[in-house]
Amino acid sequence: MTEALDRAELVVRTIAQTAVDNESYFCELDSVAGDGDFGYSLARGFEIVLSDWDELGHTDVPSLLKKTAVVLSKRIGGTSGPIWGTAFLRAGGSLNDAPEPTGEQVVAAMRAAIEGVKQRGNADVGDKTLLDALVPAVDALEAALAQGSGPAIRAGAETARAAAEGTKGMLAMRGRASYTGERSRDSVDAGAMGVAVMWEAVDAAWKE
Amino acid sequence: MTEALDRAELVVRTIAQTAVDNESYFCELDSVAGDGDFGYSLARGFEIVLSDWDELGHTDVPSLLKKTAVVLSKRIGGTSGPIWGTAFLRAGGSLNDAPEPTGEQVVAAMRAAIEGVKQRGNADVGDKTLLDALVPAVDALEAALAQGSGPAIRAGAETARAAAEGTKGMLAMRGRASYTGERSRDSVDAGAMGVAVMWEAVDAAWKE
Amino acid sequence: MKKFVNDPKQFVPEMLKGIALANPDTLKYVPEYNLIMRTDAPNDDKVSIIQGSGSGHEPAHVMAVGRGMLDAACPGDVFAAPPSDYVYETTKLLASKKGVLHIINNYTGDRMAFDMGRELAEAEDITIATILVDDDVAVKDSLYTVGRRGVAGNFFVIKAVGAASEEGASLEDLVALGNRVNSVTRTMGMALTSCTPPAKGSPLFELGDDEMEMGVGIHGEPGRRREKLASANDIVDELLDACVTDLPYSSGDEVALMINGLGGTPISELYILYGRAAEQLASQGIKVTRSYVGEYCTSLDMAGASVSLVKLDDELNRLFDAPAEVAVRIF
Amino acid sequence: MKKFVNDPKQFVPEMLKGIALANPDTLKYVPEYNLIMRTDAPNDDKVSIIQGSGSGHEPAHVMAVGRGMLDAACPGDVFAAPPSDYVYETTKLLASKKGVLHIINNYTGDRMAFDMGRELAEAEDITIATILVDDDVAVKDSLYTVGRRGVAGNFFVIKAVGAASEEGASLEDLVALGNRVNSVTRTMGMALTSCTPPAKGSPLFELGDDEMEMGVGIHGEPGRRREKLASANDIVDELLDACVTDLPYSSGDEVALMINGLGGTPISELYILYGRAAEQLASQGIKVTRSYVGEYCTSLDMAGASVSLVKLDDELNRLFDAPAEVAVRIF
Ligand SMILES: Nc1ncnc2c1ncn2[C@@H]1O[C@H](COP(=O)(O)OP(=O)(O)O)[C@@H](O)[C@H]1O
Ligand SMILES: Nc1ncnc2c1ncn2[C@@H]1O[C@H](COP(=O)(O)OP(=O)(O)O)[C@@H](O)[C@H]1O
Ligand SMILES: [Mg+2]
Ligand SMILES: [Mg+2]
Ligand SMILES: [Mg+2]
Ligand SMILES: [Mg+2]
C-alpha cells in the first residue's frame, strides 16, 4: 500500500467515523432552523462506508474516493446525499491522473469538490451552507502547505471551526433553513459545523 | 307566594347556582376515573334553569320541580341528564297531592327521587354513585326532622360530605369509572361529591 | 390547549355546521337538535337508522351519515350522550313506515338517553328497535360493570345494516343482522397519550413519557392497566391476542382487520401496526380478506390505536362490498 | 416519544410493508428501492407517474398510489428526499413507452435527487418529464430561497394528471396540465405543535402552550413567524386570506377548498376550520363547489392545518370527478 492511499484511508475513515459518532449532535444542529435529520442522513450513509470498508476498491486514492461517493449518493437521502456524493466524486475524478497526489493536487481536488457542490446545490459562499466552512478552510490549508501537512491541516481545522461558528448571524439562502427567513440568523449552519467537526477529527488523527 | 314554594325555589336555585359555580371542580373530580365532563354537563343544564327561571311555572312546588326536570333532561347529556332529570321528575310527582309538603312528605319525595335514580341507572347503594351520598343523607335528614328543618338539613349535609368522602376506596360498579376496575378505588365518586357540595350550599342558604 | 377552537361550548355545533356545509347535497344539519341527517331521509321504503353517542369520536358517527350507512346521527356534547330529548326529536324527524333502528354503543349514558327517547317516540306510534354494540374485550369482568363497551367495531354493524336497509330489509331482519355482526366482532384499544376535551382545556389524565394505558375505551377514560411503554410489535400483539382468544377466531377463519387510530396517531404508524397484525394472523391460519386502516372511532386528539376483528361470511362480504357514501371524502 | 415504533430505522420500510399487505391486489412493495407501485404498472399505453419526497407526510405520497393517481412513489426516510439511486431504479421499473412523469415538491433535496435520478435514467433511453409543485404562499421572498415549497396542493396536481393519464394523455399534455393545476393552486399552513421524528425521539422545536407557528412547511421546520395562539376563526381567516390574495381568487370564481390536517389534529377541528373558511369565501362571492377535509399531506404527528384553494374549470371538474383507487380505505 502506498503512503498516499494509507493517508486517504485515514481521512475517509475518520470522516465516516465522525459522522457516525456525531449523529445526534448533527441532528440537533439541524433542528433549530431545519428539519433535524442532517445527522441521521449522514450516519446512514457513512455507516455503510465503514461496514463495507473492504469492498471500497483500495487500489488507489481516486478509486477509493469514487467508491465512497457511490455509497453516499446511493444511501443518503435529503439534500446531503447529492451534495456529499458529488463532493467525493469530483475530488476522486480530479485525482484520476494523480494517484500519489502532492499537496497542491490535494488542494485542487478539494476545489473540484467545492465546484461540484456549488453546481449541484446552486449555492455559493455566503448562502449559509457547508460551503461557508469548507471554502475558507481549503484556502487556509493551501496557504499553510509550505509548513507541511500537519500544520496545514491544523490551519484548515481552525479556520473551519471559526467559519462554522461565524455562520451564526448569517441569513440562510439555501436549504430548508432559508424558509425561516430572518429567524435563520439565530443558529449556526448544521452542514458548516459538520465540516468543522470532521476537519478537527482528521487533524487529531493525522500523523505527519 | 306560599312559604313552601319560597323554600323550594331557594333549594332549586341554590342547587343550580352551585352546579354552575363548581363546573370545573366537578369536571376535575370526574377526570380521575371518568371522562371529565360531569361538571360541564350539569352546568349546561342548570345554567338554563337559572336563565329561564321565570318560565319555570312557579305556581306550586310540584310544578316547579317537574319543569326543572324537563329542562335538565332536555339539556343535560351523558349519564347525568337522565339521572338528574328523573330525580326531579319523581320528586315533583310524589308531591302532586302535597303542594305544601310536610317534612315527612319532603322525605318521601326524596325517596321517590332515589327510587327513580335506582331504576334509571340500574344501580344501588354500594355501586359508588351519587346514591352513596344521597341515600345516607336522606336517612340523616329524616332522623333529625324532629329538631326542625335547619338542623335536619345540616345533618343531611354533614352525612353527605362524610359519605361522599367515604366513596374513596369503593369499587365502582356503574358508570365509566367501573371500566377502570380496581383503579377506581383511588378516587371519590364525582356525583356523590357533587351531591355533598350542593347539600352544603343549601344548608348555608337555608333560613329557618 | 393546542386546538382549533373558538368557544368550547360551540365546538360541536360548529363542527356539525362545517360537515353540512362541506356536503350540501347529501347532508343537513338541524341546529335545534344538534343532528346531522341525510337530505333524502326519511324514506318510507327503508328503515331509518340512527346512531347517537358523545361527540369527540369523529368520524364516528356524524361523518358516517350517508347512503348505505346511517340516516342520521344525534351526537351529544364531547363524550356526553345526547340529551334524551334530542334522541326523541331525531327519531320523530326520521320516522319511516318501515320503522326506526337505534344503534347504541353500550355506555350507561347512551343507553339511558335512548331508552327515554324511545319511550317518548313510541308514545307517538313510531316503531323502534334497538341494537346494542359491545365489542370491547378490554372490559373483562362484566359482573362489575354495565357490560362491555361499544367501540370501533360499531362501524361494521352500521355498514352491514346500512347496506341491508338500502336493499329494503325489515326492521326485524336488521336487528338480527346487527346483533349477528356484533357477535362476531371484537375490539381492544390502548392509549399512548391522554386527550384534551375542549371544554376542560387540559389532558384528562397524565401519562408519563414511558407509560401507556392498555384497554382504554373511547372517552378518554383511563384503561384497565398502566404499563411501561412497549414496542409497536409488542403492543399490537397484545391487542390482537385479546381479540383472537376472546371469540375465539381460529385457523381457517376469514376476517376483516381494522387498525383504528384514536385521533392523534399518524396513519404511518397505523400501517406499522397493520403489517405486524396481518403477519401474526397469517401465522395462525386466520385469513385477512378485508382491511381497514385509518381513523374510524377516535377520542379527540388521543394518540393510540385499537384493533378490531370481524369474522366474515358470504353475506357480510356482500354487505361490506356495497357502496357507502359518507362525508369522509378522499380523492 | 409516544409513538408506535419498533426500530426507528425500520419505520419507513415497516410502514410500506403494511400498506402493501393491506392492498395485496393493487399495490406492490419493492424493499430494495423502498418503493410502492401499482401491481399493474408499467403500462405502455399510459404515462407512468412517480412522486417521491421524504416520508412522514402520509397519506402523501405512498398512499396516493393507485388507479387514477400515482403509478409509484419512492419515498425517502422521514423528511429526507429519496437517494437519487432509488429515483433512478423506480423510474426504470416504471418505464413506459409513453414516458415517465416525475412530480416533485419544490424542495432542494427532492430536486437534486430527481435531477440526478433523471440523468441516470435518461442515459438508458427513458423519456422523462418533470413537474415542480410550488403552491406554498408562506414563502414570500423567493429571492432568498429556492422558491416556494410544494405542499398539500400537490394532491390536486396528482389527481388531475393521474386522471388524464388514464385517458391516455401524452407526456407533453400531462406536463402542461400539471403546471396549469399548480398555477391555480395556493396553500398556506400553520402549526399548533411541533412533530417528533421517530429517529430523533423528541420534538423538532419547542412551542409554548400559548404559541403557534404561522407559515410552516411540511417537514417540521419552523414557520416564518411565531405568534400568540389565536382562535380557530382568526387562524383560518389568516391562512385563507394569504391564499385568496396571492393568486388572487375573486368574486365569481369556483374553487375547490381543502382543509388539510397535519397529522395530530382531529377531523372535528378541521370541520370547524372548514365551516368558517366556506362562509368567508361565500361572503366574497367565491363559490366552493368541491371540498376536501381530512389528512392529505402531513408532518408526522404535528397538530396544525393548511388551507388550499384551486380555481376550477370544466376540465378540472371532470378530472377531479374521475375515479381514484387509493390505499386510504373508508367504508
Ligand atoms: N443548496 C445547497 N447547497 C449546498 N449545501 C446545502 C444546500 N442546502 C443545504 N445545504 C447544506 O445541507 C445541510 C442540511 O442537510 P440535510 O439536513 O441533509 O438537508 P435537508 O434535510 O434540508 O434535505 C445544511 O445545513 C447546509 O449546510
Ligand atoms: N348507573 C348509574 N346510576 C346512578 N348514577 C350513576 C350511574 N352511573 C354513573 N352515575 C353517576 O354519574 C356520575 C358521572 O356523571 P357524568 O360525568 O355526567 O356521566 P358520564 O360522563 O359517565 O356519562 C358518576 O360520578 C356517578 O355518581
Ligand atoms: Mg435536514
Ligand atoms: Mg363523565
Ligand atoms: Mg361523559
Ligand atoms: Mg430532511
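Please read these numbers as outputs of a predicted model, since none were measured by experiment. Letters go in sequence order (proteins before strands), and every chain restarts at 1.
Ranked by non-hydrogen atom pairs under 4.5 Å with chain D, the options C:A277, C:A303, C:G304, C:S55 are led by C:G304. Contact tally against chain C (heavy-atom pairs below 4.5 Å) for D:I19, D:V12, D:D301, D:D7: the top residue is D:I19. Heavy-atom pairs under 4.5 Å with chain D were tallied for C:M63, C:E211, C:M1; the largest tally goes to C:M63. Most heavy-atom pairs under 4.5 Å with chain C, from the set D:H57, D:E325, D:K17, D:M302: that is D:K17.
A salt bridge does not link D:E254 with D:R290: every distance from a Lys NZ or Arg NE/NH1/NH2 to an Asp or Glu carboxylate oxygen is 4.0 Å or more. In summary, C:R276 and C:E238 do not engage in a salt bridge, as defined by a charged side-chain N under 4.0 Å from a carboxylate O. The residues C:K3 and D:E269 are annotated as salt-bridged, a charged nitrogen and a carboxylate oxygen being separated by less than 4.0 angstrom.
Of the N and O atoms on the side chains of D:K287 and D:T289, not one donor lies less than 3.5 Å from an acceptor on the other residue.
Looking at C:T298, there are no atoms closer than 4.5 Å to chain D (heavy atoms on both sides), in backbone or side chain. Both the backbone and the side chain of D:L21 come within less than 4.5 Å of a heavy atom in chain C. No part of D:M212 comes within reach of chain C, as not one of its non-hydrogen atoms sits under 4.5 angstrom from that chain. In this structure, the portions of D:A305 lying under 4.5 Å from any heavy atom of chain C include both its backbone and its side chain.
Residues meeting the ring-ring contact (aromatic ring centres under 6.0 Å, His included) test with C:F4, sequence neighbours left out: none.
Two residues are said to be in side-chain contact when any heavy atoms from C-beta on lie closer than 4.5 Å; C:Y271 and C:P266 fail this criterion.
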